[in-house]
Every structure is written in C-alpha cells, then in structure tokens.
2 protein chains.
Amino acid sequence: MVEYTQRTDRPAMSEWIEQMAAYFESTEGMPLIAGRVLAFLLICDPPERTAAELSHALSASTGSISTNVRFLVRLGIVSKTTRQGREAALYRVEEHRWPELVSARMHRMVELESLIDSGLRMFSGQGERARRLRTVHEFYQWLSEEIPELWRRWERDSRRRS
Amino acid sequence: MVEYTQRTDRPAMSEWIEQMAAYFESTEGMPLIAGRVLAFLLICDPPERTAAELSHALSASTGSISTNVRFLVRLGIVSKTTRQGREAALYRVEEHRWPELVSARMHRMVELESLIDSGLRMFSGQGERARRLRTVHEFYQWLSEEIPELWRRWERDSRRRS
DNA sequence: TTATGGTTTCAGTGTCGAACGAAACCGATC
DNA sequence: GATCGGTTTCGTTCGACACTGAAACCATAA
C-alpha cells in the first residue's frame, strides 16, 4: 500500500495554491503548474520535496513537474539538492531570493529606456516627432535612477532588520 | 491613384517599431500589432492617424487594427477622437499617461502581498511553514510602502520640472 | 435616396505552448 | 548482473489566441 506524502491537506490549502498559481499566470505569464509547485513549496512541511512527491501532491504528470521544476530552478527561486546514497533529488524554495526576482522584473521594465533613447536620437531632428518621445524618455530617465536606489534601500533596510 | 499616407519611411524606422513591438510582447504579453501601433503613434507625423492609415502604414488587416486599437484605448495609452463633419476617427498616443501605466504594473506586482498575507494567517500555527511565508511577507510589506512613495516622488519631481 | 469612405463584427485558419503519458535513462541497492 | 525508484526526454493532444478577410454596419456627402 502506498503512503501518499501529504496531499494538499485541506481544501483551503489547495485553493490558496490555485490562487497563487493564477496570480503568477496572469501577471508573470508563468505556467500554472510552475505556480502550483512554487506555492506548494512555500507551505509544505517538511520544506524539501522530491519531484515524485510534487507530482502526487499536485496531481500533475511527472513530465510536467520535471519541466516546470527545471524552469523554477533556472529562475533561481527553487533549488535542487542531491545527496549521495539517495537517488531522489530534493527541491526547496529559496524564499530569500524573492526580492531579487522582483528586482529583476523591475529592471526589465526600465530596459525600455535604451530603445526610447535610440528612437530619440533617430528622430531628434523633427520637432513634433521628438516631443512625444522626449516626454516618455524623461520619465524613464527618472525611473532608471530611482529603481536601483530602491534596491539599495532594501539592502540597507533588510540588513538593519536582521 | 491612391496616396498612401507615409508608410514606415526608412527601414530603420520600421525596425525600431519591430523592436518596440517585440519588447512589449515579451515583457507585457501584448499582441505584436498592438505594440506596432503604439510605437508608430509615438513617432508618426502628424501624430493623429485613422485606423485605415494605421492599417496601411503597418500592413496589418483592418480587423486586427480595430481590435488592437480598441485594446490600447482601453489600456488608456491611446485616445480616439471624432469630429463632426468627419466620419473617420483619429487615434493618437497619450504619452503623458505612460507613467500611470508603469505605476499600475508595479502595483499589480505588489498585489501579491494580500495573498501571501492570507496564507500567513492560514498557517500561522505551524512554525516551519510560516517561516518561509514570513520572509516573503516582510519583503512585500516593505515594498508596498515604497511603491506608493515612489510615485508620490514622481508627482513631485515632474511638477517641479515643468 | 444612393454612393462613399471608414469601422466593427465574425467565422475560419494557423501557430504556439501547456500538459500529458509512455518510454528511455540513470544511480543506487541487492 | 538484475531490479527498483526516480527523473528526463519526446511525440502527441488539446486549447488559446493572434491574425485575416469578407460581410455587415454606420455616418456623412451628394
């Protein structure tokens, strides 16, 4: 008889997981299963799980778990640990990495600055064309100073807290 | 003989438009055509265009232009103006709205706080489970104070500039 | 009223990617 | 060696959605 390792206990728990997955799907474009794995790893006890356990707990195919877990590892929010004498790899969420991910997301937003910039150089001659671009550009110039500043502040504040 | 209203003049221009569209597709999940329309409206001269002109300039079907222009209008970054005595509506980019859009995007990121919060309440009993959630929660608590602050600063700085 | 741009609606097409499940693979144990 | 979990690879299915093009629609001008 198989001992299923703690399925998503109560309905409330699996509902919370679904909401998390839905959030990541809609705002980050993350596959549903990846979001479920991430959410589950945040609250499962013990915190380390094998791919097989994830597959059982979330009733997703082993194939899907494999690709999505790899996705999360590449993202940097989940880590894979192996031990000798134990064939199964263990996955756990690296929750302290969360701020880095959000930071990276914001930096990608600011990346648009360089594109706007090149457009501005390209059409600098024409007054009206440049006007609209300049308005957007001024904003990104401001933002691209503020965002790094924001994360320096986070470093400082979180260091102080601990 | 038909007078095409200024197709994407030089190859450099249409390439810039493609890069913009690609950016919005990859980081915002925006349809390619919507990104093209947005980019084109940022640099076209004169700045107001009819749907038919957009269709010509970007060689996209009128149907696609219709749906994507509506999408951009609903987003708030493009406006539609009609005049009496003129059946064609004119579209123009509302470049001063750009900061609002970026702000909205960031606020959606912060929305995760409430979900994490509810999870935290749900599992507050168990020590280990709550630990990971609390780490993430502390970050979002900090962030959800900083983000509104950031935009207050933008209001202030941009007012000063003008 | 009819004719003339222009715009929207809608059904159909093609593409992309999420998810599955079976087969292959890999390490460790017996 | 063979066996046994566990993991990855891979071909396939399925659904979503971007895009098209033609038909319907609408407002103005003749």
Side-chain angles (χ1 to χ4, degrees), chain A residues 1-5 17-18 21-26 28-41 48-75 78-92, chain B residues 1-5 17-18 21-26 28-41 48-75 78-92:
Chain A
M1 181 223 179
V2 193
E3 232 317 82
Y4 283 123
T5 39
I17 290 177
E18 282 311 294
Y23 171 87
F24 286 116
E25 184 188 43
S26 71
E28 305 291 333
M30 184 182 290
L32 274 178
I33 294 191
R36 289 192 192 112
V37 168
L38 181 54
F40 180 75
L41 285 178
E48 293 185 315
R49 294 301 166 108
T50 68
E53 286 169 339
L54 293 173
S55 172
H56 283 140
L58 301 170
S59 30
S61 74
T62 59
S64 296
I65 294 294
S66 173
T67 58
N68 283 283
V69 144
R70 207 174 340 138
F71 168 77
L72 291 170
V73 167
R74 207 157 35 87
L75 230 178
V78 163
S79 68
K80 170 184 189 172
T81 49
T82 54
R83 316 186 207 271
Q84 65 275 62
R86 186 85 203 78
E87 60 271 51
L90 289 174
Y91 299 96
R92 81 134 119 340
Chain B
M1 181 225 178
V2 193
E3 234 313 83
Y4 282 124
T5 42
I17 291 177
E18 282 310 295
Y23 171 86
F24 286 116
E25 184 187 44
S26 72
E28 305 291 333
M30 183 181 291
L32 273 178
I33 294 191
R36 288 192 191 113
V37 169
L38 181 54
F40 180 75
L41 285 177
E48 292 185 316
R49 294 303 166 107
T50 67
E53 287 170 338
L54 293 173
S55 172
H56 283 139
L58 301 170
S59 28
S61 73
T62 59
S64 297
I65 294 295
S66 173
T67 59
N68 282 284
V69 145
R70 203 168 349 131
F71 168 77
L72 290 170
V73 167
R74 205 156 36 85
L75 230 177
V78 162
S79 68
K80 170 185 188 171
T81 49
T82 55
R83 317 184 205 274
Q84 63 274 65
R86 189 83 203 81
E87 60 271 54
L90 289 174
Y91 298 96
R92 83 135 122 331

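Worth saying up front: this structure is predicted, and the values here are computed from it rather than measured. Letters go in sequence order (proteins before strands), and every chain restarts at 1. Any value given below was found using the heavy atoms of this structure, including those in side chains, with hydrogens, waters and symmetry copies removed.
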- Message: Need one value for B:L32: base, sugar-phosphate or nothing, where a base atom within 4.0 Å counts as base even if backbone is also close, heavy atoms only.
- Response: sugar-phosphate
- Task: May I ask you to evaluate whether B:S64 reaches the phosphate of D:dC19, defined as a side-chain N or O under 4.0 Å from OP1 or OP2?
- Result: no
- Grab the CZ-P distance between B:F24 and D:dA18 for me, whole Å please. 16 Å
- Distance, rounded to the nearest Å, where B:F71 contributes CZ and C:dT8 contributes P: 16 Å
- Take the protein atom CZ of A:R49 and the nucleotide atom P of D:dG5, then report the distance between them rounded to whole Å. 20 Å
- Atom-to-atom span, OH of A:Y91 to C1' of D:dT8 - whole angstrom: 9 Å
- Query: Can you check the B:E25 CD to C:dC16 C1' distance for me, whole Å?
  - Reply: 11 Å
- Message: For A:A51 versus A:I65, what's the shortest heavy-atom pair and its separation?
- Response: O-CG2, 3.7 Å
- Below 4.0 angstrom from OP1 or OP2 of D:dT7, is there any side-chain N or O of A:R70? no
- Item | Distance in angstrom units between A:L54 CG and D:dG6 P, rounded | 12 Å
- Given atom CG of A:L90 and atom P of D:dG6, what is their separation to the nearest angstrom? 11 Å
- Message: Quick check: closest heavy atoms across B:E18 and B:R36, and the distance to 0.1 Å?
- Response: OE2-NE, 2.6 Å
- Message: Within the 4.5 Å heavy-atom criterion, are B:Y91 and B:E53 side-chain neighbours or not?
- Response: no
- Message: Is the shortest side-chain heavy-atom distance between A:I33 and A:L58 below 4.5 Å?
- Response: no
- Query: Given D:dG6, is OP1 or OP2 found less than 4.0 Å from the side-chain N or O atoms of A:K80?
  - Reply: no
- d(CD1, B:I33; C1', C:dT15) in whole Å: 14 Å
- Could you check whether A:I65 gets within reach of a base, just the sugar-phosphate, or nothing at all, counting any heavy atom under 4.0 Å? nothing
- Note on the structure: For B:A34 and B:F71, the nearest pair of non-hydrogen atoms, with its separation, is CB-CD2, 4.0 Å
- Message: Judged by each residue's nearest nucleotide on DNA chain D, which is more toward the 5′ side, B:N68 or B:T62?
- Response: B:N68
- With the side chain defined as heavy atoms from C-beta on, A:A51 is closest, among C:dC20, D:dT7, C:dG6, to D:dT7
- Message: Of the listed nucleotides (D:dT9, C:dG21, C:dT7), which one gets closest to any side-chain atom of A:S61?
- Response: C:dG21
- Note on the structure: Closest of C:dT8, D:dT9, C:dT7 to the B:A52 side chain is C:dT7
